[in-house]
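Reading through the structure tokens given below for one structure.
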Amino acid sequence: WASGEPTSGTYVVFSPSGDTLAVGGDPHRKVDLWNTHAWDAPKALPHVHYGGPTVFSPDGERLYARVAQPEAGASTLHIWVVEDGTPEPVAILDGSAWVMTISPHGDQLLLGNDGGFYYYDVESKRSTNTTPVSDAQLFVATYSSDGRHVYFGDSHGVVYYWDVAAARVIASIATGLGHLTTVVDG
């Protein structure tokens, strides 16, 4: 980094404007927000345990991070107002999540876990039951730019093409690549 203390992170995500870089999941139990124009010392958003998947809202005003609570046998969703770091109420999630993505309209988070996923409605703060997709761990997911489809990648190298309205897999592709860590809609 140009200045400031280096951050070791597991999850790295840019804000929609590209002005902020969020780095989370490090052993210091926080999410760092870096100003990408100045690269000065980051603003730290603390949380209680190991950080997980992290995403910005489409307008860049909020940051969502799944945080494991192993001692409670649960996960929580931490939400911050990016501008001033103000935390919003924490939501208890119905399941674990190794991957999280947000719909283009910002109304739903999709959280993937052991072979399935569930939706978290941002406004009502409720989640759905887990929907099975694969017999392997889901590690990556992204919405299509129009929000009509979701692409999943699993630990066996399979990409799934999910139709949101029909609530089913339309197609799957065995890539032969093994553990997939990135799926990008372009």
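All residue numbers refer to positions in the sequence shown, counting from 1.
For the pair Val13 and Phe56, the tightest heavy-atom approach, listed with the atom from each and the gap, is O-CE1, 3.6 Å. Minimum heavy-atom separation, Ala171 to Val169: O-CG1, 3.3 Å. Of all heavy-atom pairs between Tyr160 and Ser172, the closest is CD2-CB, 3.7 Å. Gly60 and Pro16 get closest at one heavy-atom pair: CA-CD, 3.7 Å. What you find for Ala141 and Val99 is that their closest heavy atoms are N-CG2, 3.3 Å.
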**Request:** Carefully, step by step, assess Ser57 and Tyr64 under the rule side-chain hydrogen bond (donor to acceptor under 3.5 Å, both in side chains).
**Result:** CA-CA 8 Å; Ser57 60; Tyr64 301 90; 5.5 Å; no

**Message:** What verdict does the side-chain contact (heavy atoms from CB on, under 4.5 Å) test give for Lys43 and Trp34, after you've listed the backbone C-alpha separation in whole Å, the side-chain angles of each residue and the deciding distance to 0.1 Å?
**Reply:** CA-CA 7 Å; Lys43 178 186 345 178; Trp34 291 85; over 6 Å; no

**Item:** Residue pair Ile173, Val158: steps toward the side-chain contact (heavy atoms from CB on, under 4.5 Å) verdict
**Value:** CA-CA 5 Å; Ile173 303 163; Val158 178; over 6 Å; no

**Message:** Is there a side-chain hydrogen bond (donor to acceptor under 3.5 Å, both in side chains) between Ser15 and Asp19? Walk through the geometry before answering.
**Reply:** CA-CA 6 Å; Ser15 65; Asp19 294 336; 5.8 Å; no

**Request:** For side-chain contact (heavy atoms from CB on, under 4.5 Å), just list the numbers for Phe152 and Leu110, CA-CA rounded to whole Å, side-chain angles, deciding distance to a tenth of an Å, and then say yes or no.
**Result:** CA-CA 11 Å; Phe152 295 100; Leu110 184 145; 3.5 Å; yes

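A distance of 6.5 Å separates CG in Asp154 from NE2 in His156, rounded to the nearest 0.5 Å.
Counting only distance, with no hydrogens or angles, the side chain of Thr54 and the backbone of Ala65 share no donor-acceptor pair below 3.5 Å. With hydrogens and angles disregarded, no donor-acceptor distance shorter than 3.5 Å links the side chain of Lys125 to the backbone of Tyr120. One N or O on the side chain of Thr175 and one on the backbone of Gly157 form a donor-acceptor pair closer than 3.5 Å. Under a 3.5 Å cut-off, the side chain of Thr36 and the backbone N or O of Gly18 do form a donor-acceptor pair.
Counting heavy atoms from C-beta on, the side chains of Pro58 and Ile102 come closer than 4.5 Å. Counting heavy atoms from C-beta outward, Val82 and Glu61 have side chains that stay 4.5 Å or more apart. Taking 4.5 Å as the limit, some side-chain heavy atom of Val164 sits within range of a side-chain heavy atom of Val150. Within the 4.5 Å cutoff, the side chain of Tyr151 has no heavy atoms near those of the Trp162 side chain. Leu109 places a side-chain heavy atom less than 4.5 Å from the side chain of Leu111. In this structure, Thr20 and Phe14 have side chains that are not in contact, with every pair of non-hydrogen atoms separated by 4.5 Å or more. In this structure, the side chains of His149 and Tyr161 come closer than 4.5 Å at one or more pairs of heavy atoms. Between Leu63 and Val31 the shortest side-chain heavy-atom distance falls below 4.5 Å.
By the 30° and 60° cut-offs, the orientation of the rings of Phe117 relative to Tyr119 is perpendicular.
The cluster map of Ile, Leu, Val, Met, Phe, Trp and Tyr, joined by side-chain heavy atoms under 4.5 Å apart, puts Val81 and Val55 in different clusters.
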